[in-house]
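Remember, it's a predicted structure, so these values are computed and weren't measured experimentally. All values below were derived from every heavy atom in this structure, side-chain atoms included, with hydrogens, water molecules and symmetry-related copies excluded. Reminder, nothing fancy here: chain letters follow the sequence lines and each chain counts from 1.
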Amino acid sequence: MSESLSYIFINACLVNNFVLAYFLGICPFLGVSGNIGTASRMGGAVMFVMLVSSMCAYGIHMLLVAIDAPFLQLISYIVVIASTVQLVEMIIKKFSPALFRALGIFLPLITTNCAILGLALFQTNKGYDFIQSLVYALGAGAGFTIALVIMAGIREDLDIADTPKVVRGTAIVLMVAGLLSLTFMGFAGLGG
Amino acid sequence: MNTTTNKLDTDTFIKGLWKENPVFVQVLGMCPVLAVTNSATNGLAMGLATAFVLIMSSTLVSLLRNFIPKQVRIATFILIIATFVTVAEYLIQAISIEIHKALGAFISLIVVNCLILGRSEAFASKNTVGKSILDAAGMGVGFTFALLCLGGVREILGNGSLFGLPVFGQGFEPWILMILPGGGFFTLGAWLLLFNYMKERKATKAQEATA
């Protein structure tokens with residue numbers, strides 16, 4: 001509980017980046033990282049869902065502890081996340097139909113984005129208080145967006161590069177992700 | 001996946017193992033695949049847990065497929081899956097505390113494994129119970145197989161052992177990188193490369209045969 005807020009943020013964002021160190025949210029990471037613009041907006045949407053669901057998860061955890069029903073944790077978390085995603089979907093559809101079309105199937109799939117459920121579970125496991133949870137969610141969202149945007153940038157270049165036919169597609173993306181993951185390991189000890 | 005409805009039941013099972021292998025061909029459910037495969041044992045445990053959830057929820061979804069209103073089907077599927085994941089989590093905890101600790105939050109994260117939701121949506125909600133169970137079993141075994149492949153390679157290279165038993169002699173310098181996160185990406189990438197290569201070769205051969 002003594003962890004400082006800046007430590008939590010840097011930890012979630014860089015040192016233990018959700019995508020590159022915990023492997024959470026790999027599906028959108030591989031799916032929507034084709035273009036920088038889409039990637040950054042996707043990151044924004046994920047960050048918003050993370051913030052809201054992190055707040056709700058905190059409340060639910062309090063409630064479940066109070067009524068002594070920890071086995072309901074998983075089910076109630078997933079319901080909250082699904083509703084939040086639905087909300088975000090409606091908001092985006094109303095205010096930016098173009099973005100809505102660009103994100104396509106990946107918008108409802110935020111529900112099954114492990115990063116968001118993972119965040120809710122980790123913050124409960126770590127016993128963060130309300131403010132710490134919020135900062136943790138913010139850091140995780142920022143980390144997700146950073147990873148997604150870097151990946152999109154690399155992939156835009158990869159598309160025009162002359163790669164052998166065998167490695168095209170997911171294989172080369174995974175190799176690049178491996179390199180990125182190694183790079184991010186360099187941040188270890190930064191938050192300490 | 002609608003084309004499979006007319007096929008024989010054995011095909012329904014077999015295709016999950018190889019032709020439509022969830023990890024190597026469909027690239028679904030990546031998060032647990034990469035996160036927990038730092039040893040063969042963890043990979044196997046995770047694979048079995050996922051297969052259990054997959055089979056149980058496919059069965060239930062298929063049984064209820066005529067009762068679930070179309071508008072709320074995804075939410076219903078997720079609730080069903082979450083229920084079985086909770087069961088699986090408590091089961092693992094009862095069987096082995098050690099494995100439970102090693103897998104950690106990733107057991108709960110089976111809920112958001114795209115593979116399970118994908119099979120519920122694409123197959124179980126449209127097919128009979130028997131077929132759905134076969135399909136789920138095939139996919140589950142295929143998934144476990146893939147996790148074993150990854151976990152095995154990473155444990156041998158990164159730790160010099162397999163299922164906790166040493167494989168190499170004293171002189172082996174463990175390749176630590178392979179059990180770190182980066183190694184997961186590399187190993188999976190390498191497997192996909194192998195699969196691509198095999199597919200490519202098969203295609204060229206078929207082309208030569210027809211030409």
[X] portion near chain B, given a 4.5 angstrom heavy-atom threshold:
{"X": "A:F184", "answer": "neither"}
{"X": "A:L72", "answer": "neither"}
{"X": "A:L179", "answer": "both"}

For [X], is it the side chain, the backbone, both, or neither that has a heavy atom closer than 4.5 Å to a heavy atom of chain A?
{"X": "B:F106", "value": "side chain"}
{"X": "B:T83", "value": "both"}
{"X": "B:I81", "value": "neither"}

Original post:
How would you list, by chain and number, every residue that makes a salt bridge (Lys or Arg N to Asp or Glu O under 4.0 Å) with B:E121, sequence neighbours excluded?
Top reply: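 Partners of B:E121 by the salt bridge (Lys or Arg N to Asp or Glu O under 4.0 Å) criterion, ordered by chain and then number, come out as B:R73.
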Original post:
Would you say the side chains of B:R65 and B:S125 form a donor-acceptor pair under 3.5 Å?
Top reply: no
Original post:
Taking atom types as modelled and ignoring hydrogens, do the side chains of B:S108 and A:Y77 form a donor-acceptor contact shorter than 3.5 angstrom?
Top reply: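 No donor-acceptor contact under 3.5 Å links the two side chains.
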Subject >> Options A:L182, A:L74, A:L121, ranked by heavy-atom pairs under 4.5 Å with chain B, top entry >> reply: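 So the answer, after comparing A:L182, A:L74, A:L121, is A:L74.
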Subject >> Top of A:I75, A:V79, A:V173, A:V19 for chain B proximity - count of heavy-atom pairs under 4.5 angstrom >> reply: A:I75
Original post:
Do you know the tightest heavy-atom contact between A:V15 and A:A21?
Top reply: O-CB, 4.3 Å
**OP:** Provide the closest heavy-atom pair for B:I78 versus A:I78 in the form atom of the first, atom of the second, distance.
**Re:**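 Taking every non-hydrogen atom into account, CG2-CG1, 3.2 Å.
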Original post:
Should the heavy atoms of other residues, nucleotides or ligands under 6.0 Å from CZ of A:F48 be counted, would the total exceed 12?
Top reply: no
